[in-house]
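Note on naming: letters A, B, ... go to the chains in the order of the sequence lines (proteins, then strands), and numbering restarts at 1 for each one.
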There are 4 protein chains.
Amino acid sequence: MRTANKHRKIIQAAIHVFAKKGFFNARISDIAKAAKVADGTIYLYFNNKYDILISLFEEEITTLIQSANDSLKTTTDPRKKLEIFALQHLSLLENQRELAEVLQVEIRQSNIFQNGYRNQRFAEYLDIISTIVQEGQEQGLFRIDVNLNLMKRIFFGALDESSRLWILSAEHDLSIVETARQICDIVLSGITRRVYPRPVHIVAGSMSMISK
Amino acid sequence: MRTANKHRKIIQAAIHVFAKKGFFNARISDIAKAAKVADGTIYLYFNNKYDILISLFEEEITTLIQSANDSLKTTTDPRKKLEIFALQHLSLLENQRELAEVLQVEIRQSNIFQNGYRNQRFAEYLDIISTIVQEGQEQGLFRIDVNLNLMKRIFFGALDESSRLWILSAEHDLSIVETARQICDIVLSGITRRVYPRPVHIVAGSMSMISK
Amino acid sequence: MRTANKHRKIIQAAIHVFAKKGFFNARISDIAKAAKVADGTIYLYFNNKYDILISLFEEEITTLIQSANDSLKTTTDPRKKLEIFALQHLSLLENQRELAEVLQVEIRQSNIFQNGYRNQRFAEYLDIISTIVQEGQEQGLFRIDVNLNLMKRIFFGALDESSRLWILSAEHDLSIVETARQICDIVLSGITRRVYPRPVHIVAGSMSMISK
Amino acid sequence: MRTANKHRKIIQAAIHVFAKKGFFNARISDIAKAAKVADGTIYLYFNNKYDILISLFEEEITTLIQSANDSLKTTTDPRKKLEIFALQHLSLLENQRELAEVLQVEIRQSNIFQNGYRNQRFAEYLDIISTIVQEGQEQGLFRIDVNLNLMKRIFFGALDESSRLWILSAEHDLSIVETARQICDIVLSGITRRVYPRPVHIVAGSMSMISK
DNA sequence: TATGAATGAGCGTTCATTCAT
DNA sequence: GATGAATGAACGCTCATTCAT
């Protein structure tokens, strides 16, 4: 058929152009040229420029959600799951760098919200984290005094901001795997130095600073 | 004096307008109107629209850095310092909501980097975190197997993403203070449930929050 | 046959669409959809959009001319003929409302002339009027001091502008028949040759025939 | 002042361009160039292209109404008034040819109505005619069995269509004055109240149609 | 300094027309 | 012949920036 995967080609081109120039600086003709398509053709597949951004987001994040859910089936250990999730999230930086940049920077601009678009898919993505944490709580592995909504933000924020570091650094002193590992390590066990090596029986100390 | 006032008025107006419409959707005339100044007057104080954004960022973040450094002088405890930093950062949401939105969303767009601007001030702001963590390490309070560059990103990312949650939520189930406390708690001690209660003689008070 | 049918279908669709949206606001795809034909198919029967308008006009006005000429054969009285012509012209409003609108509004735009099209058929249509008037003059019924070219315009203009009234009015206080009658009444009274000089001294009374 | 009469200049330029190319074929840049103004300047004075057309119409027709009302004050004879009106209307062809063309062709396209614009000013202009006729009726000069709404259309239609003849003809066998005179002659003869019944022996048959 | 009218480059979008199937 | 996906020139409109006052 003629249509082939024009829709896909345009999305891919848009990822490329948005990553390079940003949504507002990107011109439709840039995307058209990158997709090897006429300007007008884009409007056969999308309503307007903004619709490209939304569609791009919806489709890619849906893929990520699916992919994450698949990977998470390989284990029942919530701690392991968090690591898998972190690793997959950061791996996007290596495998689909431009998509990672677009998702991180463009999609989460206020503009995407300002235009009345409710970011349902992104919420679903974040909920993968809270679901894992909840499982950990139910299995008695995680503290239950942590707000789940906050927790997913903390974990995702750590991943996201670390991505930014990775993107901005020309050479990376930490690999994706090591970055994921450290993030999980910290979130799971914190950065406070234990006085005694953690035994089977954990004994922590000096929480004074976080109490009033 | 007149000059300084007008410069300030324009920055304030820009914060208001950028927060409401976003940088790209904001018009110079919007800012001029909000600043009660003629369009042309803006160009007596700024080179171009983009320069307003940069100046806004430079000045506001400088204030934040100064303010943070001042507050941090009140203690030498790195754990306390992290808490102070977190609290100040999140407090922006209540005290200068629009500035918080602009800094979070607009400033960190890739565009600001794409245009060749090196975000030195933001790096300084993040370095406050790593400096604190380093102090903690030197004092033997924090683990030393944590990459400082990564650590500052993790902490900032957690704060930043939590801010987003706060901004997007109409009603807040967690206060600024409680949010800051939980973030610090997690980063400092992790979310893993301890098998045995931590030694009471260390910090009794803090246990209430993490035990059942 | 198939061909002729499709040509006709497209013309009919064009009448419908042009009447509704106007020539310039009408899209080829609108016409194609109304004709239940593919966009490209239209170009098998017409050279371009403008050609549809011209063809539409040529064909419809030819039909009108033919139809008028047929009807006019039923009498030799020029006064009766004018009445027949007027009635047929206005009847279009009831029988083919959309065609009437297109002919009135679109066809007579200057654009149709600006594009170099010489409106021969329309001239023929108008000439039916002048021919009738000429006959009336030759039969000694009509004044001969009236310019024929002007006369046909006056009569047609009266009909045409009355059509506009009829089209714009939601409810019609005058029927088609009554409208035609009044127009003919006025124009005929105006051009009818008087046997006797008109009375210089106006005296009221004896208006039985023209008053209610 | 800087603004000067830019509004006026643009209207004048629009009259020129619309007359030459038609509304739809006219480009904003054409008008801007003709007005010796930048494209964007037009949007300081008008909301959009269509608004230029409407404004043009409103202003010009208002002037015509004013001008007509002024001229009509010079006499109380309704017959004379009709002549004055006709003469002024047709004189536009000589004095402001392009305006005449625009008013005739562009303004009265259905599009101007289709867009929800109610042509109040044009109605006022037409009402000048019906007011005159009504005066004639009240003075016993004109027949009273003529629908006023129809009458104004007949008279205006005759003028309007005659204008078209005049515009289309390269050389004019009838002057403006003579055209106005003949139109008035015919219409006046048609609507003038007769003192004596018309001679029956001339054309009895024709009366059936105009008498009850 | 301050103004705000004027500028004009730039771009999103439309749609008549083409042409491979 | 018929289709309708694809094309790309064209244009209305915006808005950052300038500059005469």
Side-chain angles (χ1 to χ4, degrees), chain A residues 1-4 6-7 10 24-33 35-52, chain B residues 2-3 5-7 10 23-33 35-52, chain C residues 2-3 5-7 10 23-33 35-52, chain D residues 1-4 6-7 10 24-33 35-52:
Chain A
M1 67 201 71
R2 295 251 234 114
T3 300
K6 287 249 162 80
H7 179 98
I10 294 170
F24 285 102
N25 290 322
R27 280 173 290 146
I28 289 291
S29 59
D30 291 333
I31 299 172
K33 187 179 293 179
K36 289 179 183 168
V37 142
D39 289 22
T41 303
I42 288 180
Y43 290 86
L44 296 176
Y45 295 90
F46 301 92
N47 296 323
N48 50 47
K49 187 184 174 186
Y50 183 63
D51 186 37
I52 302 175
Chain B
R2 295 298 313 280
T3 290
N5 283 343
K6 217 155 255 186
H7 178 99
I10 295 170
F23 175 75
F24 284 101
N25 290 323
R27 285 174 283 147
I28 288 290
S29 59
D30 292 333
I31 299 172
K33 186 180 292 179
K36 289 176 183 169
V37 141
D39 290 22
T41 303
I42 289 181
Y43 288 85
L44 298 175
Y45 296 89
F46 302 91
N47 296 322
N48 50 47
K49 185 185 176 186
Y50 183 62
D51 187 37
I52 302 176
Chain C
R2 293 300 311 280
T3 291
N5 282 344
K6 217 155 256 186
H7 178 99
I10 294 169
F23 176 75
F24 284 101
N25 290 322
R27 284 175 285 149
I28 288 290
S29 59
D30 291 333
I31 300 172
K33 186 181 292 180
K36 290 176 183 169
V37 142
D39 290 21
T41 304
I42 288 182
Y43 289 85
L44 297 175
Y45 295 90
F46 302 91
N47 296 322
N48 50 47
K49 186 184 177 186
Y50 183 63
D51 187 36
I52 302 176
Chain D
M1 68 202 71
R2 296 252 233 114
T3 302
K6 287 251 162 78
H7 179 99
I10 294 168
F24 285 101
N25 290 322
R27 280 172 290 145
I28 288 292
S29 59
D30 292 333
I31 299 172
K33 188 179 292 180
K36 290 177 183 168
V37 141
D39 290 23
T41 303
I42 289 181
Y43 290 88
L44 296 177
Y45 296 90
F46 302 91
N47 296 322
N48 50 49
K49 187 185 175 186
Y50 183 63
D51 186 37
I52 302 176

*Asks:* To the nearest Å, how far apart are B:R27 CZ and F:dT17 P?
*Replies:*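 Result: 15 Å.
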
*Asks:* Would you name the heavy atoms of D:D39 and D:S29 that are closest together and state the gap between them?
*Replies:*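 Here D:D39 and D:S29 meet closest at OD2-CB, 3.5 Å.
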
*Asks:* Once you round it to whole Å, what is the distance between C1' of E:dC15 and CZ of D:F24?
*Replies:*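 After rounding, the gap between these two atoms is 14 Å.
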
*Asks:* Which is true for D:I28 with a 4.0 Å heavy-atom rule: it touches a base, it touches only sugar-phosphate, or it touches nothing?
*Replies:*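 Sugar-phosphate contact only - D:I28 comes under 4.0 Å of backbone atoms but never of a base.
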
*Asks:* Provide, to the nearest angstrom, the distance between the NZ atom belonging to D:K36 and the P atom belonging to E:dA6.
*Replies:*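 About 16 Å, once rounded to whole Å.
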
*Asks:* Separation of D:I10 atom CD1 from E:dT7 atom C1', in whole Å?
*Replies:*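 Rounded to whole Å, this separation is 13 Å.
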
*Asks:* So does D:Y45 get a side-chain nitrogen or oxygen closer than 4.0 Å to the phosphate oxygens (OP1/OP2) of E:dA5?
*Replies:*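 The answer is no; no side-chain N or O of D:Y45 sits under 4.0 Å from OP1 or OP2.
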
*Asks:* What are the two closest heavy atoms between D:N48 and D:Y43, and how far apart are they?
*Replies:*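 Looking at all heavy atoms of both residues, the closest pair is CA-CE2, 3.8 Å.
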
*Asks:* Would you kindly compare B:D39 and D:D39 by the position of their nearest DNA chain F nucleotide and give the one closer to the 5′ end?
*Replies:*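 With B:D39 and D:D39 compared, the 5'-side residue is D:D39.
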
*Asks:* I need the NZ-P distance between C:K33 and F:dA2, as an integer number of Å.
*Replies:*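 The distance from NZ of C:K33 to P of F:dA2 comes to 20 Å, rounded to the nearest Å.
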
*Asks:* Whole Å only: how far is the CD1 atom of D:I42 from the P atom of F:dC11?
*Replies:*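 Rounding to the nearest Å, CD1 of D:I42 and P of F:dC11 are 14 Å apart.
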
*Asks:* Return the 5'-most residue of the pair C:N48, D:T41 with respect to DNA chain E, ranking by each residue's nearest nucleotide.
*Replies:*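 The 5'-side residue here is D:T41.
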
*Asks:* Could you pick out which residue, A:V37 or C:A38, lies toward the 5' side of DNA chain F when each is mapped onto its nearest nucleotide?
*Replies:*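 Its nearest nucleotide lies further toward 5', so the answer is C:A38.
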
*Asks:* Where each residue is assigned the nucleotide of DNA chain E containing its nearest heavy atom, which of A:N47 and C:K49 is assigned the position nearer the 5′ end?
*Replies:*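 The 5'-side residue here is A:N47.
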
*Asks:* Please name the nucleotide paired to F:dA6 by Watson-Crick or G-U wobble geometry with both distances under 3.5 Å, or report none.
*Replies:*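 Answer to the pairing question: E:dT17, which forms a Watson-Crick or G-U pair with F:dA6.
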
*Asks:* For E:dA2, take OP1 and OP2 only and decide whether either is under 4.0 Å from a side-chain N or O of B:Y43.
*Replies:*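 For B:Y43, the contact criterion (side-chain N or O under 4.0 Å from OP1 or OP2 of E:dA2) is not met.
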
*Asks:* So, does B:K6 get its side chain near the phosphate of E:dA2, meaning an N or O under 4.0 Å from OP1 or OP2?
*Replies:*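 Yes, such a contact exists.
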
*Asks:* Is the A:Y45 ring parallel, tilted or perpendicular to the A:H7 ring (thresholds 30°, 60°)?
*Replies:*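 Correct class here is perpendicular.
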
*Asks:* Can you measure D:L44 atom CG to F:dT18 atom P for me and round it to whole angstrom units?
*Replies:*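 The distance from CG of D:L44 to P of F:dT18 comes to 17 Å, rounded to the nearest Å.
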
*Asks:* To the nearest Å, how far apart are B:F23 CZ and F:dC15 P?
*Replies:*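 Going from CZ in B:F23 over to P in F:dC15 covers 13 Å.
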
*Asks:* With heavy-atom distances below 4.5 Å as the criterion, would you say the side chains of D:D30 and D:N25 are in contact?
*Replies:*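 In short, these two side chains do not touch, never coming nearer than 4.5 Å.
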
*Asks:* Testing the basics here: between D:I10 and D:T41, what is the closest heavy-atom pair and its distance to 0.1 Å?
*Replies:*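 Here D:I10 and D:T41 meet closest at CD1-O, 4.5 Å.
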
